Every structure is written in C-alpha cells, then in structure tokens.
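The analysis underlying the following values was restricted to heavy atoms, covering all of them including side chains, and did not include hydrogens, waters or symmetry mates. Quick caveat, the model's predicted, so the values are computed rather than measured.
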Amino acid sequence: MSQSTSLSFYATPPHDCNYLPGRESITVFADPRAQMDNQMYGTLLAYGYRRSGSHVYAPYCIECTSCKSMRVPVNRFKPTRSQRRNLKLNSDLTFHIHAAEFNQEHFELYLKYISTRHQGGGMDDPDPAKYKEFLIADWCNTDFVEFRDRGRLLAVSIIDKLYTGLSAVYTFFDHEESQRGLGTYAWLWQ
C-alpha cells in the first residue's frame, strides 16, 4: 500500500475474551478488503496487530492490557537460567524450514495438538482448507519450521519474515513431549 492510501479499521461488539476468563474484549480488524502486503503488516505489528490467515487484527480491552504483543530486541536478549535449561534440553532437535504450504504430517500433528489444547473451541475442525486459511496468507512471506527428534516430528512453528524482523504466528507441538517445553523452545530458536 502506498503512503497516500488510507486503511480502514473495524471493531467487533464486546465479546468474551479469548485469553482470560470472565473478561470482555473488542477485536479491531484492518479492512479485510484492503490490499495487505508484508510492509503494511510489519507496520501494523508495531502497533500490536497480529494475523490469523489473511485477517489482521488486534485485541483491545478497555479495562485490561494483558494481551500485548511482545517485541524482543535480539541483539540485547540474554536468556534466563530457565531458558538456558530449555535450550540445553532441546539441543538434540533438528530443524527444517519449509515453504508455507499444506503438509499432511504437519496437519496431523496440528489436529493432535488442537484436540488436547483447544477441544471444542472451533479450531478442532479436521478440514485442511480451514487449517491453511488459519495459518497462511498469500501476501505474507511465511515459513513453516519443523523441529524433529531423530526424524520424529515434535513441533511446527509458523513464522512471518518481515522487514522489521520475525513474527511468531503460531506453534503447535506433540503434547506427549510437554516436558521439553517445545513452545518455549520454538520461541527461543526464533
């Protein structure tokens, strides 16, 4: 989008918060008809926006600021003791970076993850098209990073590559390996 192009935003009515029980939230969406690109999305990320598929949105709560996006200046980052333990515990994992496209093995791990973490929440639909719609945006430079232990798929991170850095979109992992702290590891790897 050029600098002279304006972008409209829309807000939902108040609804139950997706993150904290007993709270209400409003979701602010960038116009889904606008021609989004990596640069505009990178700018919106700086204001706390994120994406679900091609929809760019930000949670907004009048009485709460708990769901802020986290920005990590990598050059100044120093892992905590717990994070160093996590890195050591997972040092045996290998990673492979793939283009953002449907992969049956990834999808099966996603379904397993969703059935244990978000059962009945609407995300547990075993439809490959909805999976792709949730994770992939055709205007975004996205990679799928898989983490493996001796060939066995343990986790997949969806990462957007932007001019401002990386954006962690979503990570799913094998719940049977929860002692590894795979979500934390994927974030530290990024």
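Counting heavy atoms from C-beta outward, Y41 and L162 have side chains that approach closer than 4.5 Å. Contact annotation: the side chain of L44 approaches that of L7 to within less than 4.5 Å [non-hydrogen atoms, C-beta and beyond]. Residues L154 and N90 fail the side-chain proximity criterion, which asks for heavy atoms closer than 4.5 Å. V169 places none of its side-chain heavy atoms less than 4.5 Å from the side chain of T142. Counting only heavy atoms from C-beta outward, the side chains of C64 and L20 approach each other to under 4.5 Å.
To the nearest 0.5 Å, atom CZ of residue F144 and atom OG1 of residue T171 are 11.0 Å apart. Taking CG of N141 as the reference point, atom CD1 of I159 lies at 11.0 Å (rounded to 0.5 Å). Rounded to the nearest 0.5 angstrom, F173 CZ and L109 CG are separated by 9.5 Å. The distance from atom CD of Q190 to atom CG of L166, rounded to the nearest 0.5 Å, is 6.5 Å. E133 CD to S54 OG: the interatomic distance, rounded to the nearest 0.5 Å, is 7.0 Å. Distance check, rounded to the nearest 0.5 Å: CD1 of I158 to SG of C140 gives 12.0 Å.
Relative ring orientation between Y113 and Y170 is described as perpendicular, the plane-to-plane angle rising above 60° on a 0-90° scale split at 30° and 60°. In this structure, H98 and H106 have perpendicular ring planes: the angle between them is above 60°, well past the 30° mark.
Scanning for ring pair (Phe, Tyr, Trp, His ring centres under 6.0 Å) contacts around F95 gives W189, with sequence neighbours left out. Every residue two or more places apart in sequence or in another chain that forms a ring pair (Phe, Tyr, Trp, His ring centres under 6.0 Å) with Y49 is listed here: F9. By the salt bridge (Lys or Arg N to Asp or Glu O under 4.0 Å) test, D92 pairs with R180, sequence neighbours left out. Under the rule for a side chain to side chain donor-acceptor pair (under 3.5 Å), the partners of E108 that lie at least two apart in sequence or sit in another chain are Q104. Every residue two or more places apart in sequence or in another chain was checked for a ring pair (Phe, Tyr, Trp, His ring centres under 6.0 Å) with H96, and none qualifies. Qualifying side chain to side chain donor-acceptor pair (under 3.5 Å) partners for H55, counting only residues two or more places apart in sequence or in other chains: none. Residues that satisfy the salt bridge (Lys or Arg N to Asp or Glu O under 4.0 Å) test with E176, not counting sequence neighbours, are K112. For K132, the side chain to side chain donor-acceptor pair (under 3.5 Å) criterion is met by no residue, not counting sequence neighbours. Y163 meets the ring pair (Phe, Tyr, Trp, His ring centres under 6.0 Å) test with no other residue; sequence neighbours excluded. Under the side chain to side chain donor-acceptor pair (under 3.5 Å) criterion, E105 pairs with R148, sequence neighbours left out.
Between P79 and Q83 the shortest heavy-atom distance is CA-OE1, 3.2 Å. The two atoms that bring S25 and C17 nearest to each other are CB-CA, 4.0 Å, heavy atoms only. In terms of heavy atoms, F134 sits closest to S52 at CD1-OG, 3.4 Å. Residue Y60 comes nearest to V28 through the heavy atom pair CB-CG2, 4.2 Å, listed as atom of the first residue, atom of the second, then distance. Nearest heavy-atom pair, A155 versus L182, reported as atom, atom and distance to 0.1 Å: CB-CB, 4.4 Å. Nearest heavy atom pair, residue G53 against residue A137, reads O-CB, 3.4 Å.
Residue pairs satisfying the salt bridge (charged side-chain N to carboxylate O under 4.0 Å, His left out) criterion with at least one member in residues 17-36, sequence neighbours excluded, are listed as follows: D31-R33. Annotation: salt bridge (charged side-chain N to carboxylate O under 4.0 Å, His left out) contacts involving residues 45-56, sequence neighbours excluded, comprise R51-D160.
Under a hydrophobic-cluster definition in which Ile, Leu, Val, Met, Phe, Trp and Tyr are linked whenever side-chain heavy atoms come within less than 4.5 Å, directly or via other members, L188 and V74 are assigned to different clusters.
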Subject >> Stepwise side-chain contact (heavy atoms from CB on, under 4.5 Å) check, L45 with V56 >> reply: CA-CA 9 Å; L45 279 174; V56 177; over 6 Å; no
**OP:** With ring-ring contact (aromatic ring centres under 6.0 Å, His included) as the test, would you mind laying out the steps for Y131 and F107 before giving the verdict?
**Re:** CA-CA 8 Å; Y131 165 80; F107 182 58; 5.0 Å; yes
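Between F147 and the options F172, Y185, W187, a ring-ring contact (aromatic ring centres under 6.0 Å, His included) holds for only Y185.
Within the 3.5 Å criterion, the main-chain N or O of A129 finds a donor-acceptor partner in the side chain of D127. A donor-acceptor pair under 3.5 Å is formed between the side chain of T12 and the backbone N or O of T27.
With respect to R152 and E177, a salt bridge is recorded, a charged nitrogen being found less than 4.0 Å from a carboxylate O.
Enclosure of atom OH in Y47 is not indicated, since only 12 or fewer non-hydrogen atoms of other residues, nucleotides or ligands lie within 6.0 angstrom.
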